[in-house]
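Below is one structure, written out as structure tokens; comments come after it.
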Amino acid sequence: MYYSGKRRGEDGIAAVIDFLLSNARLVLGVGGAAVLGIATLAVKRLIERAGRPPDEEPDKKMTDSWEELSLVSASPKLLHKGIEGVVMKQIAAATKKAELSQPIPMPSSEPQRCDADPPPPQRRKRMDLCVLTFADRLQQYYRTRVCLSAEEVCVAQQRALDIATEIQAFLHSKHPDMPLGDMTLAGSLLDDLQVVTADHACLIVPLQLESSLWTPIAGEDTFLGHPQYCMVRRENLEYFPRGRSYWDRHLLGAYLSSRLVCEQLSKAVMESMNWPSLTGTLECEVRPVLGSPELKLEIQGLTQSSHDSGERFYITVLPTVRLGQMTLMAQREITGSFDYVWYQSLYSSETARLAALDQADSGARRKCLKTLKAVCRNCPALRKLNGSHISNVVLHMSEKETDWSESAFSNRFLQAITELIGYLETGVLPSYFKANVNLFQGFTEDDIDEMGFMLYCAVTEPEILLI
Ligand SMILES: *[C@@H]1O[C@H](CO)[C@@H](O)[C@H](O)[C@H]1NC(C)=O
């Protein structure tokens, strides 16, 4: 396969994983929990070892791992790693596959049929045709599990637009002096990158700042030392004293405070608008989310079916400052306790670059991104990986990889899995546009172990990602 010999010692790793999992299948019935612990520790060791030169024979590695395995049963922490589901699914998938490849005598036990009641002599042959290749399964997954229907997207966008229009009109009438630009909806729902279910969008609220009075300060140039954290400094206070700019009321020291801006908008919009009456007009229930550091609206009953299933749609209101080339957002969920910090979002740059690359060669990069996003969302062990991580992996891959044609789709998908494992091994995923940003920052060692384990399993049996 394409990944053989690509990274040092990877063949050995794949062999050990194979070996481990085939044994897990045999003994899980006896002591499932112990096997889970064993597998976890083995993978952890393998991750550590992947950084070392391949100075040992594969056989020696195998024995080494077995020595490690025998130590494990003593560690209760590893036994409670909560990855039980991963291994159980792995086993379920393996069992199903074994069943499919065996001749099945009873017509009633035929697990998958191409069409109704094939005549008996042809059954065996038809069965073989029914065993889809991974590439087929991936295409099927993309069609049935990843993509949103045009109708779902349309309804969600229309509702988001209705709500945005109400908010804008309300702010203009109650706070005519507040210098705001035109609000726009943004995010994956608008960029055809949302997957599984239409459930969120952003409302960009641009603050109009006088470019002569305000300067953006990049985070790496400050004591914050974080390249995506920025500050907005008020200039020329001696000539244009406080009060000259509307936004001076949100100063903390000489800096524009994202917290104070959010607090004002929270009072002006979240606490002041008549949500129940809006609910009547829009025929869906709209209410502000209380206790979130961000300005968030929850919408229920977007469609009749979502009403029945209790699904929610969220709109995050994002105060945004555009100064020079920089787009800075008040994203307090990310910047936390830093009251004067603004977040430099790279989402638009990443999305635009992917779209441009796909357009130039009719590539399937965004299809790959969407599929991986859905996989991570549907798989509990991978839920911490989001669109931003995956976009950056695909952008890095695009630097080396030129074939993104439709026929290469499943190979690129699998390649992205091994690339992700590579980044997890080092604990660093550099941001494509800002190499000094590590997108894995904030993940614990346990998070990384869990994701690494799941993805390692997927190398030998990628179907487990499509469950
Ligand atoms: C992805 O998750 C990270 C935290 O791990 C977060 O900082 C980032 O904003 C998220 N990105 C998206 C697009 O949700």
Side-chain angles (χ1 to χ4, degrees), residues 146 148 160 185-204 219 224-230 258 262 289 292-296 312-320 326-338 341-355 365-366 368-396 416 420 423-424 426-452 454-455:
V146 178
L148 308 178
L185 290 169
S188 56
L189 182 68
L190 285 296
D191 298 318
D192 185 24
L193 290 175
Q194 201 151 108
V195 296
V196 185
T197 162
D199 62 2
H200 65 282
C202 300
L203 177 60
I204 305 287
L224 295 169
H226 189 303
Q228 269 178 291
Y229 286 7
C230 295
S258 55
C262 282
V289 176
S292 161
E294 306 212 306
L295 309 173
K296 218 180 235 183
R312 312 272 203 273
F313 183 85
Y314 292 95
I315 298 178
T316 306
V317 178
L318 285 176
T320 300
M326 284 209 211
T327 301
L328 307 178
M329 295 175 168
Q331 269 181 289
R332 312 215 354 102
E333 219 155 50
I334 297 174
T335 56
S337 55
F338 295 111
V341 169
W342 294 74
Y343 184 72
Q344 186 183 12
S345 171
L346 299 171
Y347 169 83
S348 316
S349 316
E350 292 161 358
T351 307
R353 177 65 61 91
L354 280 173
R365 293 171 190 80
R366 282 173 301 169
C368 218
L369 161 64
K370 285 168 74 175
T371 311
L372 283 159
K373 266 177 81 168
V375 161
C376 293
R377 198 179 147 142
N378 287 332
C379 171
L382 301 177
R383 209 153 275 167
K384 293 212 159 133
L385 293 173
N386 62 24
S388 138
H389 300 117
I390 298 161
S391 305
N392 279 276
V393 168
V394 173
L395 282 168
H396 287 305
L420 263 170
Y423 292 119
L424 286 168
T426 59
V428 179
L429 171 57
S431 159
Y432 182 79
F433 284 107
K434 276 188 175 261
N436 49 358
V437 172
N438 175 13
L439 299 170
F440 285 163
Q441 197 189 31
F443 285 169
T444 66
E445 218 170 283
D446 279 0
D447 293 338
I448 289 190
D449 277 4
E450 192 175 358
M451 293 183 259
M454 183 69 203
L455 293 171

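Positions are given from 1, in the same order as the sequence printed here. Both ligands and their constituent atoms are indexed starting at 1 by order of listing.
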| For Phe338 and Ser258, what are the C-alpha separation, side-chain angles and deciding distance, and is it a side chain to side chain contact (heavy atoms under 4.5 Å, CB included)? | CA-CA 9 Å; Phe338 295 111; Ser258 55; over 6 Å; no
| From CA spacing to verdict: ring-ring contact (aromatic ring centres under 6.0 Å, His included), Phe443, His389 | CA-CA 12 Å; Phe443 285 169; His389 300 117; 5.3 Å; yes
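For CG of Asp192, the number of neighbouring non-hydrogen atoms (other residues, nucleotides, ligands) closer than 6.0 Å is 12 at most. For Lys434, the NZ atom counts as densely surrounded, since its 6.0 Å shell holds more than 12 non-hydrogen atoms of other residues, nucleotides or ligands.
Using a cut-off of 4.0 Å between Lys/Arg side-chain N and Asp/Glu carboxylate O, Arg366 and Asp191 are scored as not salt-bridged.
The residues lining ligand 1, counting any heavy atom closer than 4.0 Å, are Ile334, Asn386, Ser388, His389, Phe443.
The nearest pair of heavy atoms linking Met329 to Ile204 is CE-CD1, 3.5 Å.
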